[in-house]
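FYI, side chains are in, hydrogens and waters are out, and symmetry mates aren't considered; it's all heavy atoms of this structure. Bear in mind that the values here come from a model prediction, so they are computed numbers and not experimental data. For ligands, and for the atoms within them, numbers begin at 1 and follow the listed sequence.
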Amino acid sequence: MGKNCPDASRTFADDEKKTAHDAPKRVLVLGGSGLLGQALVQTLEKKRYETIAPSHKELDVCDARFVEEYVLSLRPDYIYNAVAYTAVDKAEDDEANAMALNRTLPCTLGRIAKSAGIYLVHYSTDFVFNGKRNTPYDEECKPAPLSVYGKSKLEGEKALLFLNPENFCIVRTAWLFGHGRKNFVRTILERCALQGSVNVVHDQIGSPTYSMDLAEYSIALAECNGHGLFHIVNAGCASWCELAAEAVRVSGCDCPVFPISHEEYATKAVRPAYAVLCTAKFTATTGIVPRAWPLALADYLNLEYQDMPHH
Ligand SMILES: NC(=O)c1ccc[n+]([C@@H]2O[C@H](COP(=O)([O-])OP(=O)(O)OC[C@H]3O[C@@H](n4cnc5c(N)ncnc54)[C@H](OP(=O)(O)O)[C@@H]3O)[C@@H](O)[C@H]2O)c1
């Protein structure tokens with residue numbers, strides 16, 4: 001167990017006992033409609049947090065004063081910020097909007113969290129790195145983003161680290177797949193059904209991560225009062241092509257997956273060739289060892305495609 005985390009051995013029964021006596025902790029989730037946001041809301045509710053997740057329309061996150069009034073009227077114990085400008089290629093031509101969501105918003109939230117003593121969990125990305133290494137990146141590695149998206153996310157991190165609220169963590173994650181929103185795995189399986197074969201990039205390597213695991217792990221980190229920068233991904237690494245091939249194999253599709261180079265799959269934004277993240281600091285803090293991505297992928301596919309004939 002992580003030495004900083006006295007609560008790590010708590011069981012679900014303990015949680016039930018605790019909530020019978022104490023008022024449930026209140027949590028504000030921003031971006032609750034996103035891939036990660038949906039997983040956070042579901043997991044927090046299951047863990048009996050009082051969870052409030054305003055939609056895009058209910059809360060204009062670009063209006064700093066309104067955000068402050070909203071947060072102060074709600075007085076949450078935690079804020080999870082899963083809002084982001086995540087359209088990596090579009091961001092190349094839309095820097096101002098990418099910066100507004102990926103830099104200004106975390107800065108606003110950091111300021112509010114600091115003055116009101118709220119614990120803030122913010123998310124960032126493997127795309128802050130240039131991918132020139134060939135061993136996993138830890139939190140000490142120097143970022144050098146290759147894209148506007150990566151740059152805007154790094155600016156958000158820097159703003160928060162500079163503010164250094166008493167209670168906050170920045171969780172860098174990568175290559176998310178999960179329920180309720182478009183993601184790489186779903187896209188591959190849709191293409192298989194339509195085209196009968198897929199060509200997938202083999203020369204970019206990363207850390208595939210299940211949104212439900214990331215939600216659970218980051219809630220555990222917040223419960224342990226993790227402070228500062230952390231990497232959280234599922235264990236192991238893969239190329240996009242290996243991830244696609246495993247998804248196709250597990251889902252039982254009869255669809256060849258052909259490797260292609262990143263040059264053959266032109267994208268506007270440059271992506272790191274290698275962006276595997278090391279989670280040792282997260283494990284040292286929480287006592288949790290993230291499970292391997294193929295296990296997580298199998299769970300995702302089982303839940304997501306349970307109505308398909310081969311399941
Ligand atoms: N997906 C990945 O592979 C990946 C990899 C590394 C890091 N991350 C990081 O993980 C975090 C979560 O990513 P995700 O994939 O879950 O993102 P996502 O699915 O694209 O969701 C983004 C969320 O932000 C909201 N949003 C976007 N623009 C907004 C605006 N102008 N005002 C208010 N809300 C707005 C979206 O609301 P609507 O539903 O209304 O659009 C949605 O709830 C982000 O910090 C991201 O940088 C993701």
| task | Measure from atom 21 (O) of ligand 1 to every heavy atom in Gly34, Ser152, Pro208, Gly32 and give the option owning the shortest one. | result |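 Ranked by closest heavy atom to atom 21 (O) of ligand 1, first place is Gly34.
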| Considering Leu35, Asn97, Thr173, which one's heavy-atom position lies nearest to atom 19 (O) of ligand 1? |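 Nearest heavy atom to atom 19 (O) of ligand 1 lies in Leu35.
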Could you list which atoms of ligand 1 come closer than 4.0 Å to a heavy atom of [X]?
X: Val61; value: 32 (N), 33 (C)
X: Ala174; value: 5 (C), 6 (C)
X: Gly31; value: 43 (O)
X: Trp175; value: 3 (O), 5 (C)
X: Ser124; value: 7 (C), 9 (C)

| Where does the angle between the aromatic ring planes of Tyr300 and Phe177 fall among parallel (under 30°), tilted (30 to 60°) and perpendicular (over 60°)? | tilted
| said: Using 30° and 60° as the class boundaries, would you call the ring planes of Tyr274 and Tyr137 parallel, tilted or perpendicular? | reply: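 The arrangement is tilted - the two ring planes meet at 30° to 60°.
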| said: Below 4.0 Å from ligand 1: does a non-hydrogen atom of Phe127 turn up there or not? | reply: no
Please work out, at 4.0 Å between heavy atoms, whether the side chain, the backbone, both, or neither of [X] comes within that distance of ligand 1.
X: Tyr80; answer: neither
X: Ala84; answer: both
X: Leu176; answer: both
X: His122; answer: neither

Closest protein heavy atom to [atom], given as residue, atom name and distance to 0.1 Å:
atom: atom 13 (O) of ligand 1; value: Thr86 CG2, 4.0 Å
atom: atom 23 (C) of ligand 1; value: Ala82 O, 3.6 Å
atom: atom 40 (O) of ligand 1; value: His56 ND1, 2.5 Å
atom: atom 47 (O) of ligand 1; value: Tyr149 OH, 2.7 Å
atom: atom 45 (O) of ligand 1; value: Lys153 NZ, 2.8 Å
atom: atom 41 (O) of ligand 1; value: Arg181 NH2, 3.5 Å
atom: atom 43 (O) of ligand 1; value: Ser33 OG, 2.8 Å

When you compare the side chains of [X] and [Y], does any donor N or O come within less than 3.5 Å of an acceptor on the partner?
X: Ser152; Y: Glu155; result: no
X: Tyr210; Y: His179; result: yes
X: Tyr80; Y: Ser218; result: no

| field | Distance-only N or O hit between ligand 1 and Leu101, under 3.5 Å | value | no
| task | Assess whether atom CZ of Arg191 is packed by more than 12 heavy atoms of other residues, nucleotides or ligands within 6.0 Å. | result |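 Counting other residues, nucleotides and ligands, CZ of Arg191 stays at 12 neighbours or fewer.
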| query | Above 12 or not: heavy atoms from other molecules or residues under 6.0 Å from CD of Glu45? | reply |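 Atom CD in Glu45 is packed in, count exceeds 12.
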| request: Measure across Ala84 and Asn102 and return the closest heavy-atom pair with its distance rounded to 0.1 Å. | output: CA-OD1, 3.5 Å
| Any donor-acceptor N/O pair, Glu216 side chain to Asp213 backbone, under 3.5 Å | no
| task | Please determine if Lys281 forms a cation-pi arrangement with Phe230, meaning its NZ or CZ atom is less than 6.0 Å from the six-membered ring centre and no more than 45° off the ring axis. | result | yes
| With the 4.5 Å side-chain cut-off for hydrophobic clustering, are Leu30 and Met99 part of the same group? | no
